[in-house]
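Here's the structure we're looking at; comments come further down.
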Amino acid sequence: MERVKVTRNYQVTIPASIRNRLGIHEGDILEFYVEEDRIVIKKVLTVRPRIKLGRKLTIEEIERDIERGLNESSH
């Protein structure tokens with residue numbers, strides 16, 4: 001078990017040992033929910049589209065990826 005302090009802005013730092021064990025990286029999405037008197041944090045597995053450098057994108061591809069990102073962030 002590890003302990004962390006809540007900052008003035010209600011932020012906490014996930015200890016490195018836990019980040020490493022769960023493979024949490026900058027930009028990952030986490031879900032928080034309450035189970036009885038506990039806060040549960042779950043890493044959300046998402047497949048993010050990657051844009052290959054040097055490849056031209058169509059307007060349709062750009063709009064599709066924006067829509068996918070908006071849907072992903074609203075869940």
Side-chain angles (χ1 to χ4, degrees):
M1 174 172 34
E2 305 234 17
R3 290 184 177 197
V4 297
K5 184 177 181 179
V6 178
T7 69
R8 177 177 46 217
N9 293 325
Y10 300 96
Q11 296 173 332
V12 295
T13 299
I14 301 169
S17 62
I18 294 173
R19 292 193 315 264
N20 293 335
R21 182 173 174 190
L22 297 177
I24 296 173
H25 301 285
E26 182 179 341
D28 284 348
I29 309 262
L30 304 177
E31 288 180 347
F32 287 69
Y33 58 94
V34 175
E35 210 172 73
E36 295 183 18
D37 63 340
R38 298 175 184 196
I39 298 170
V40 178
I41 304 171
K42 178 180 174 184
K43 180 179 175 184
V44 177
L45 300 176
T46 59
V47 178
R48 295 187 188 118
R50 302 283 185 220
I51 297 174
K52 296 178 183 176
L53 297 177
R55 178 177 166 257
K56 293 187 179 190
L57 297 173
T58 65
I59 295 295
E60 291 79 17
E61 289 175 310
I62 294 169
E63 289 175 346
R64 183 196 65 224
D65 289 344
I66 290 170
E67 186 69 28
R68 185 181 298 157
L70 290 172
N71 288 334
E72 183 178 296
S73 67
S74 67
H75 293 278

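To the nearest 0.5 angstrom, N20 atom CG is 8.0 Å from H25 atom NE2.
The side-chain contact (heavy atoms from CB on, under 4.5 Å) with E63 is formed by just one residue from the set D65, I66, I59; it is I59.
Using a 4.5 Å cut-off between side-chain heavy atoms of Ile, Leu, Val, Met, Phe, Trp and Tyr, with links allowed through other members, Y33 and V44 fall into different hydrophobic clusters. Taking hydrophobic clusters as Ile, Leu, Val, Met, Phe, Trp and Tyr residues chained together by side-chain heavy-atom distances below 4.5 Å, V12 does not share a cluster with I41. In terms of hydrophobic clustering, with Ile, Leu, Val, Met, Phe, Trp and Tyr side chains grouped at heavy-atom distances under 4.5 Å, L30 and V34 are assigned to different clusters. At a threshold of 4.5 Å between side-chain heavy atoms, the hydrophobic network of Ile, Leu, Val, Met, Phe, Trp and Tyr places I39 and I18 in one connected group. A continuous path of Ile, Leu, Val, Met, Phe, Trp and Tyr side chains, each step under 4.5 Å between heavy atoms, connects Y10 with V4, placing both in one hydrophobic cluster.
Side-chain contact between R64 and E61: present, with at least one pair of heavy atoms (C-beta onward) separated by less than 4.5 Å. Counting heavy atoms from C-beta outward, R19 and T13 have side chains that approach closer than 4.5 Å.
Remark: side-chain polar atoms of K43 are not paired, donor with acceptor, to backbone N or O of D28 under 3.5 angstrom.
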Go through it in stages, so that I can follow the logic: the residues are I14 and L22, the test is side-chain contact (heavy atoms from CB on, under 4.5 Å), and I'd like the CA-CA distance, side-chain angles, deciding distance and then a yes or no. CA-CA 11 Å; I14 301 169; L22 297 177; over 6 Å; no
